[in-house]
Amino acid sequence: FLPFASYKYKPLRLRLIPYSSSSTSKASAMAPVRFIYEQLFNFEQLIGYLVLWIGIISWLRWLTLEPKIKEILFDCDNTLVLSEHLAFEACAELANEILEKHGKSDRYTGPQLLKEFVGQNFRGMMVSLQKKYGFEIPEDEFNAYVDRELGKVVETLEKKAEPCAGATEVLEKLYKSKKYGLAVVSSSALSRVQASIRKVGQDKFFPAEHVYSAATSLEKPTSKPDPAIYLHACKEIGVEPSQCVAIEDSKSGATAAKNAKIPLIGYVGAYDEKEEIDRMAKMLTEECGAIVIMYLWDEFFDCLEKVEKALA
């Protein structure tokens, strides 16, 4: 037993105790015991001081370090808002009109377009269709189709858009905590993104200037997987890509985050079939470098903690 509550602080010292075999006094007999006790006592005291100082230094370092993650960048379509199926239903009619005009017999339904071009905006999808079928749309005609599609989609979203289950609750908690900045980074046109988040009541969580569109916010319109919109958002917000985390549900969006060197949470909660969920989870992890897969929005804070630990 070591009486830590009552000891006096003494420097560590070694003291040799002469021992005489002829001595039979009680003090001499107890000298070796007292020697061991004093040395253990001083050793324990030294260790205690070391542990205390290590703890103080670690605590001060923790207080002065900036958080690794400063900004959370959310994709919109099928990540925050269930909008992809509505949008692709609206643009399937235009896609088929374009194919017919250029003598192509193939026709698409909304779900078929969604499966093949998920994560791309209409502009990017039209570029992909031209490459696939080997035709070219004049620029003026191309822009006219983009405007028509946008009008149809926005009108549909304003009537029918719904939030991804649990997303709004997570945004509210993040907004109230004020620990992270929040931004939306989408391929879709800005008016479409605004219509989506406004319809489901999520617009209040994001500063208007922190809602970004690859089709609208850039000097030269583009679409994910081009990382340009992510890099633009980071520059505008004033953070490094490594100080952000992105939440993406598609290969194109996740690839954009990866190419921008932004840590990624892959979200698969918007997919219906287990086979598709498993396939996307594997793709987002193995091909796109997702640090963790989020199956439900209820898992968000656990996933964010895993990302922060991985980056520590």
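Quick caveat, the model's predicted, so the values are computed rather than measured.
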### Query
Any chain of hydrophobic side-chain contacts (each under 4.5 Å) joining Val239 to Val307?
no
### Taking every non-hydrogen atom, the tightest pair across Glu158 and Ala195
CG-CB, 4.0 Å
### Query
When you check the side-chain N and O atoms of Tyr267 and Asp75, is any donor under 3.5 Å from an acceptor?
no
### Task
Check whether any side-chain heavy atom of Ile291 lies under 4.5 Å from a side-chain heavy atom of Val245, and answer yes or no.
no
### Message
Which heavy atom of Glu162 sits nearest to which heavy atom of Val200, and what is that distance?
### Response
C-CG1, 3.5 Å
### Expected output: side-chain Glu149 to main-chain Leu94 donor-acceptor under 3.5 Å
no
### Task
Decide yes or no for Cys164 and Trp297: does some side-chain heavy atom of the first lie under 4.5 Å from some side-chain heavy atom of the second?
yes
### Task
Check whether any side-chain N or O of Ser213 sits under 3.5 Å from a backbone N or O of Ser188 as a donor-acceptor pair, and report yes or no.
yes
### Query
Ring centres of Tyr212 and His232 under 6.0 Å apart?
yes
### Message
Looking at Glu276 and Glu273, would you say the former's side chain and the latter's main chain have a donor-acceptor pair under 3.5 Å?
### Response
no
### Query
Can Val211 be reached from Leu73 by stepping across I, L, V, M, F, W or Y side chains whose heavy atoms are under 4.5 Å apart?
no
### Message
Is there a path of hydrophobic side-chain contacts, each under 4.5 Å between heavy atoms, that joins Leu80 and Leu190?
### Response
yes
### Sidechain-backbone polar pair: Asn78 side chain, Ala270 backbone, donor-acceptor under 3.5 Å
no
#### Entry: Whether Lys258 side chain and Leu264 backbone form a donor-acceptor pair below 3.5 Å
no
### Task
Provide the closest heavy-atom pair for Cys76 versus Val184 in the form atom of the first, atom of the second, distance.
CB-CG1, 3.9 Å
### Query
Taking Gln112 for the side chain and Thr109 for the main chain, is one N or O donor matched with an acceptor at less than 3.5 Å?
yes
### Lys104 (side chain) donor-acceptor with Tyr133 (main chain) under 3.5 angstrom
yes
### Message
How close do Leu99 and Asp106 get, counting heavy atoms only, and between which atoms?
### Response
CD1-O, 3.3 Å
### Query
How about Glu287: does its CD atom have over 12 heavy atoms from other parts shown lying under 6.0 Å from it?
yes
### Query
Would you call Lys132 and Glu116 a side-chain contact if the rule is heavy atoms closer than 4.5 Å?
yes
### Message
One pair to check against salt bridge (Lys or Arg N to Asp or Glu O under 4.0 Å): Lys282 and Glu275. What are the steps and the verdict?
### Response
CA-CA 11 Å; Lys282 183 177 181 181; Glu275 182 179 344; over 6 Å; no
#### Entry: Contacts of type side chain to side chain contact (heavy atoms under 4.5 Å, CB included), residue Phe301, not counting sequence neighbours
Val170, Lys173, Leu174
### Message
Keeping Glu71 on the side-chain end and Leu182 on the backbone end, is there a donor-acceptor pair under 3.5 Å?
### Response
yes
### Task
Determine, step by step, whether Glu89 and Lys160 satisfy the salt bridge (Lys or Arg N to Asp or Glu O under 4.0 Å) criterion, reporting the C-alpha distance in whole Å, the side-chain angles of both residues, the deciding distance to 0.1 Å, and the verdict.
CA-CA 12 Å; Glu89 284 176 11; Lys160 300 181 179 180; 5.5 Å; no
### Message
Quick check: closest heavy atoms across Leu284 and Ala254, and the distance to 0.1 Å?
### Response
CD2-CB, 3.5 Å
### Message
Any non-hydrogen side-chain atom of Asp203 less than 4.5 Å from a side-chain atom of Gln194?
### Response
no
### Query
Between the side chain of Tyr108 and the main-chain N/O of Leu114, is any donor-acceptor distance below 3.5 Å?
no
### Message
If you compare all heavy atoms of Pro163 against all heavy atoms of Leu82, which two are closest, and at what distance to 0.1 Å?
### Response
O-CD1, 3.8 Å
### Query
Under 4.5 Å between any side-chain heavy atoms of Cys91 and Lys152, yes or no?
no
#### Entry: Partner of Asp77 under side chain to side chain donor-acceptor pair (under 3.5 Å), chosen from Ser83, Ser250, Ser187
Ser83
### Query
Would you find more than 12 non-hydrogen atoms of other residues, nucleotides or ligands less than 6.0 Å from Phe135 atom CZ?
yes
### Task
May I have the step-by-step check of salt bridge (Lys or Arg N to Asp or Glu O under 4.0 Å) for Lys176 and Glu172, ending in yes or no?
CA-CA 6 Å; Lys176 288 181 178 178; Glu172 186 168 6; 3.4 Å; yes
